[in-house]
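Hydrogens, waters and symmetry mates are skipped; everything else that's a heavy atom, side chains included, is used. Just so it is clear, the model here is predicted, and its values are computed rather than measured.
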Amino acid sequence: MANCLSVDTQTLDFILRIFIAALLGGLIGLEREYRAKEAGFRTHFLVALGSALFMIVSAYGFEGALSTAEHRWDVSRVAAQVVSGIGFIGAGTIIFHKSENVVRGLTTAAGVWVTAAIGLACGGGMYVLSAAATLLVLAGLEAFNYFLHKFDRKRPESA
C-alpha cells in the first residue's frame with residue numbers, strides 16, 4: 001500500500017510549479033477582485049494554474065513518445081497555443097460602451113494575458129522571473145492607479 005502512494009521528486013517539483021503559479025495568479029486576481037473587475041481571483045488563479053500545467057505537460061508529458069531521429073517534439077508549441085488561446089478569455093472582458101464612446105476591460109484582459117505568461121514561466125521552473133513579473137504587475141495596477149488619480153481628477157476611483 002505504501003508503494004502506490006509514493007511520489008517521485010519530479011512529480012513533487014511539478015506540484016510545486018503549479019502551486020506557485022496558482023499562488024502568483026491568485027495574488028493578481030485578488031487585486032482585480034478588490035477593484036471589482038470582470039475577472040477576479042478565481043479567473044486569474046485558474047489561468048495561471050492551467051498555463052503552468054500546459055507547460056509541464058508540453059515539456060515533460062511526451063518524453064519518449066517520439067524518440068526517433070526523424071521526429072522532433074517542439075515543447076514550445078503548446079505554450080504558443082496558450083498565448084493565442086488566452087485571447088478568447090481576455091476578449092470576453094473587453095466591452096465597448098457606445099453611449100460613452102469608451103472601451104472597458106482592456107486592463108483586465110491584459111492582466112489575464114500576463115497571468116498566463118506567469119503561469120507558463122512557473123511551469124518552466126522560472127520561479128524568480130515569475131515572482132518578479134507578478135510584483136511588476138501588481139505595481140503597475142496599484143501604484144500607477146494611485147498616480148493616475150492624483151493627476152486626473154475626472155478619472156473614476158477604481159480603474
Side-chain angles (χ1 to χ4, degrees), residues 1-96 103-145 159:
M1 186 79 168
N3 287 342
C4 68
L5 295 177
S6 66
V7 179
D8 62 357
T9 56
Q10 185 179 38
T11 302
L12 290 174
D13 179 52
F14 294 158
I15 291 169
L16 179 66
R17 291 178 188 201
I18 63 171
F19 181 82
I20 291 173
L23 178 71
L24 295 175
L27 288 174
I28 295 169
L30 283 174
E31 190 280 337
R32 298 279 77 196
E33 195 84 30
Y34 173 73
R35 297 272 177 216
K37 296 302 177 180
E38 296 83 3
F41 173 77
R42 293 183 302 175
T43 302
H44 287 81
F45 176 90
L46 292 173
V47 164
L49 177 99
S51 297
L53 188 57
F54 275 125
M55 181 60 118
I56 293 166
V57 169
S58 177
Y60 302 99
F62 302 100
E63 285 181 345
L66 299 173
S67 58
T68 62
E70 58 267 358
H71 293 101
R72 195 174 130 208
W73 183 254
D74 182 7
V75 298
S76 67
R77 292 178 75 188
V78 173
Q81 296 308 310
V82 169
V83 173
S84 61
I86 205 67
F88 286 103
I89 294 174
T93 67
I94 300 171
I95 300 168
F96 175 69
V103 176
R104 299 206 189 276
L106 287 175
T107 301
T108 300
V112 170
W113 180 71
V114 76
T115 299
I118 290 168
L120 288 171
C122 281
M126 300 176 210
Y127 305 120
V128 174
L129 179 64
S130 301
T134 301
L135 290 175
L136 284 171
V137 168
L138 293 173
L141 292 172
E142 282 298 312
F144 296 144
N145 187 46

Quick check for you: to the nearest 0.5 Å, what is the distance between [X] atom [atom1] and [Y] atom [atom2]?
X: Lys37; Y: Thr43; atom1: NZ; atom2: OG1; answer: 14.0 Å
X: Phe19; Y: Leu12; atom1: CZ; atom2: CG; answer: 13.5 Å
X: His44; Y: Leu27; atom1: NE2; atom2: CG; answer: 11.5 Å
X: Thr9; Y: Phe14; atom1: OG1; atom2: CZ; answer: 9.5 Å
X: Ile94; Y: Leu106; atom1: CD1; atom2: CG; answer: 4.5 Å
X: Thr108; Y: Arg35; atom1: OG1; atom2: CZ; answer: 11.5 Å

Restricting to pairs with a member in residues 15-29, which pass salt bridge (charged side-chain N to carboxylate O under 4.0 Å, His left out), not counting sequence neighbours?
-> Asp13-Arg17
Any salt bridge (charged side-chain N to carboxylate O under 4.0 Å, His left out) pairs touching residues 105-121, not counting sequence neighbours?
-> none
Just so I know, are the side chains of [X] and [Y] near enough to count as touching, which here means a heavy-atom distance under 4.5 Å?
X: Ile20; Y: Ser130; value: no
X: Thr107; Y: Arg32; value: yes
X: Thr134; Y: Leu138; value: yes
X: Val137; Y: Thr115; value: no

Excluding sequence neighbours, so at least two apart, what forms salt bridge (Lys or Arg N to Asp or Glu O under 4.0 Å) with Glu33?
-> none
Closest approach of Ala22 and Leu49, non-hydrogen atoms and distance?
-> CB-CD1, 3.9 Å
Scanning both residues in full, the closest heavy-atom pair of Ala21 with Ala52 reads CB-CB, 3.5 Å
Partners passing side chain to side chain contact (heavy atoms under 4.5 Å, CB included) against Ala116 (at least two apart in sequence or in another chain) = Val47, Ser51, Val82, Ile86
For Phe54, check ring pair (Phe, Tyr, Trp, His ring centres under 6.0 Å) against everything at least two apart and list the hits.
-> none
Please name all residues satisfying ring pair (Phe, Tyr, Trp, His ring centres under 6.0 Å) with Tyr34, sequence neighbours left out, ordered by chain then number.
-> none
Give the C-alpha distance, both sets of side-chain angles, the deciding distance and a yes or no for side-chain contact (heavy atoms from CB on, under 4.5 Å) between Val83 and Trp113.
-> CA-CA 7 Å; Val83 173; Trp113 180 71; 4.0 Å; yes
